[in-house]
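Presented below is the structure to which this report refers.
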Amino acid sequence: MRQPITIASWSYDRIKPMETGLVKIEGCDPTFFDLEPEEMFHRSLHFQQFDVTELSFSNYLTLTALGTCPYVAIPVFPGRRFRHNGIYIGPKSGIKKPEDLKGRIVGSPEYQVTASVWIRGILEDEYGVKTSDIRWRAGGLREPSRLEKVDYKAPPGVELERIGPDQTLSQMLADGEIDAVIGPRAPNGFGDENSGITRLFPDFIEREKEYFKRTGIFPIMHLLTIRKDRVAQWPWLPDSLFKAFETSKDMAIERLLEENEPMATYPWIDGVVREAQAFMGKDYWPYGMEENRTALEAILRYHYDQGLAVRKLSLEKIFVPSTLERSRI
């Protein structure tokens, strides 16, 4: 008998082969929930509604450091993105370069959202702009009254205030009440040439490629987690999930390389994917701890240094141990 399980994730191409049943999860009869990350994280962290769920890396680290996370991770990373693209500056800010952010008021939808953790780390490592150099505001990007999903305290020396219950960061940016916004989504008005809202790095693709070439880091945003009680019930489940998610991801990349008809709505997708493979390696979206050690060590360092974890975690302590080694023939 196959075990019924629920899996929450955004419907990426890299999990489609599992959703359609083309790739099986050993021992499981899965039901997939296709959810936006914000809803998925809220339902998972507050109500533990799913057996398996994609989670914010930052939320996971904060709760794991406290010993209160109801989920445990495996080294599967459905969500990743370079983050030089995620800094938006207002029309009245006068900001031209990263160093101009010092002393400015900058909004983030949640101070501890993973994209913001990466951006703050990059700003300090690459441009010498420390987290404490910036005055932070947190709250809804497009809708008011957004709350943090986990509790934490800002570290000493960091100014962090929540915006008003009727305010949004997008409107505050447009009105000049804040100077910039960082995070995973663009503020309202971006893309409208009349708004004056622009990216700090309009050449972000070139900067991100140079960053990867120099550091080897492809930033990780989300990771796959399993409810701890389910792992205790079914100790085989983490390995079954790891195998299936990796097989599904590999199949998705192969499909993007299809030369007859493009699998994605972009006429040159196979050429773009081959270009990414030539630059980043054949498996440019790797799973596994060792395969991602440099990026993983970077986010653990950023997260702790920014005061979001009460203790420094080691890589081996944040994943199910059986998923860290692969069987060989």
Side-chain angles (χ1 to χ4, degrees), residues 1-35 37 39-41 43-45 47-57 59-61 63-64 69-80 114 218 220-256 282-293 295-296 313-329:
M1 178 179 176
R2 297 171 66 83
Q3 181 63 51
I5 63 168
T6 53
I7 300 176
S9 179
W10 213 357
S11 191
Y12 308 106
D13 65 341
R14 41 203 171 274
I15 72 164
K16 278 296 182 185
M18 284 187 296
E19 286 186 324
T20 61
L22 192 60
V23 172
K24 306 293 184 184
I25 304 173
E26 292 174 341
C28 297
D29 180 16
T31 297
F32 287 88
F33 288 77
D34 175 13
L35 301 173
E39 179 184 355
M40 177 168 43
F41 301 161
R43 292 170 64 175
S44 298
L45 291 173
F47 306 107
Q48 294 87 58
Q49 290 185 356
F50 311 108
D51 299 317
V52 179
T53 185
E54 184 180 348
L55 274 188
S56 152
F57 207 154
N59 289 164
Y60 176 74
L61 291 176
L63 293 173
T64 298
C69 190
Y71 291 90
V72 63
I74 65 174
V76 166
F77 312 112
R80 352 179 35 142
T114 309
F218 182 11
I220 297 167
M221 301 298 126
H222 306 162
L223 72 178
L224 194 72
T225 66
I226 312 165
R227 270 177 44 179
K228 289 179 177 177
D229 57 347
R230 298 296 187 248
V231 175
Q233 285 178 281
W234 314 314
W236 47 267
L237 180 59
D239 294 272
S240 291
L241 287 166
F242 184 92
K243 287 170 60 179
F245 270 80
E246 186 166 58
T247 300
S248 184
K249 178 261 299 181
D250 292 344
M251 187 176 292
I253 292 175
E254 287 300 318
R255 286 179 159 194
L256 291 175
K282 184 176 181 181
D283 184 7
Y284 56 84
W285 204 290
Y287 295 162
M289 185 184 77
E290 287 301 330
E291 293 84 344
N292 292 276
R293 178 173 286 276
L296 291 168
L313 296 164
S314 68
L315 288 183
E316 290 75 13
K317 298 296 184 182
I318 65 174
F319 298 115
V320 175
S322 66
T323 61
L324 302 185
E325 297 182 8
R326 303 183 189 223
S327 61
R328 307 292 183 185
I329 297 176

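We use all heavy atoms of the structure for the numbers below, so side chains are in, but hydrogens, waters and symmetry mates are not.
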Minimum heavy-atom separation for Ser56 to Thr114, with atom names?
OG-OG1, 3.0 Å

Are any of the side-chain heavy atoms of Leu35 and Arg43 separated by less than 4.5 Å?
yes

Any donor-acceptor pair under 3.5 Å from Arg80 side chain to Phe218 backbone
yes

Are Pro286 and Asn292 close enough that some pair of their side-chain heavy atoms sits under 4.5 Å apart?
yes

Where Val23 and Ala244 come nearest, the two heavy atoms and their spacing
CG1-O, 3.7 Å

Residue pair Leu237, Asp51: steps toward the side-chain contact (heavy atoms from CB on, under 4.5 Å) verdict:
CA-CA 10 Å; Leu237 180 59; Asp51 299 317; 5.7 Å; no

Do Leu241 and Val76 make a side-chain contact, defined as non-hydrogen atoms from C-beta onward lying under 4.5 Å apart?
no

Is a side-chain donor or acceptor of Arg2 paired with a backbone partner of Ile25 at a separation under 3.5 angstrom?
yes

Only residue of Tyr60, Tyr71, Tyr287 satisfying side-chain contact (heavy atoms from CB on, under 4.5 Å) with Leu223 is Tyr60

Give a yes or no on whether the backbone of Trp10 and the side-chain of Glu54 come within a donor-acceptor separation of less than 3.5 Å.
yes

Do Asp283 and Ile253 have side chains that get closer than 4.5 Å, going by heavy atoms?
yes

Quick check for you: to the nearest 0.5 Å, what is the distance between Leu296 atom CG and Met289 atom CE?
8.0 Å

What closest approach, in Å, do Gln3 and Trp236 show between heavy atoms, and which atom pair accounts for it?
CB-CH2, 4.1 Å

With a 4.5 Å heavy-atom cut-off, do Ile226 and Trp234 have their side chains touching?
no

For Asp13 and Arg255: C-alpha separation, side-chain torsions, deciding distance, then whether side-chain contact (heavy atoms from CB on, under 4.5 Å) applies.
CA-CA 9 Å; Asp13 65 341; Arg255 286 179 159 194; over 6 Å; no

Electrostatic pair Lys282:Glu254 at N-O distance under 4.0 angstrom:
no

Over all heavy atoms of both residues, which pair between Phe319 and Ile74 is shortest? Give the atoms and the distance, please.
CD2-C, 3.6 Å

Of all heavy-atom pairs between Asp34 and Ser11, which one has the smallest distance, and what is that distance?
OD1-N, 3.1 Å

Quick check on Glu325: does its CD atom have over 12 non-hydrogen neighbours (other residues, nucleotides or ligands) under 6.0 Å away?
no

Taking Lys228 for its side chain and Cys69 for its backbone only, find out whether a donor-acceptor pair lies under 3.5 Å.
yes

Using modelled atom types and a 3.5 Å cut-off, is there a donor and acceptor pairing between side-chain atoms of Thr6 and backbone atoms of Phe50?
no

List the steps, then state whether side-chain contact (heavy atoms from CB on, under 4.5 Å) holds for Phe32 with Met18.
CA-CA 9 Å; Phe32 287 88; Met18 284 187 296; 3.8 Å; yes

Answer yes or no: is there a donor N or O on one side and an acceptor on the other, between the side chain of Ser248 and the main chain of Arg14, under 3.5 Å?
yes

Should Pro75 and Phe245 count as side-chain neighbours, where that means a heavy-atom distance under 4.5 Å?
no

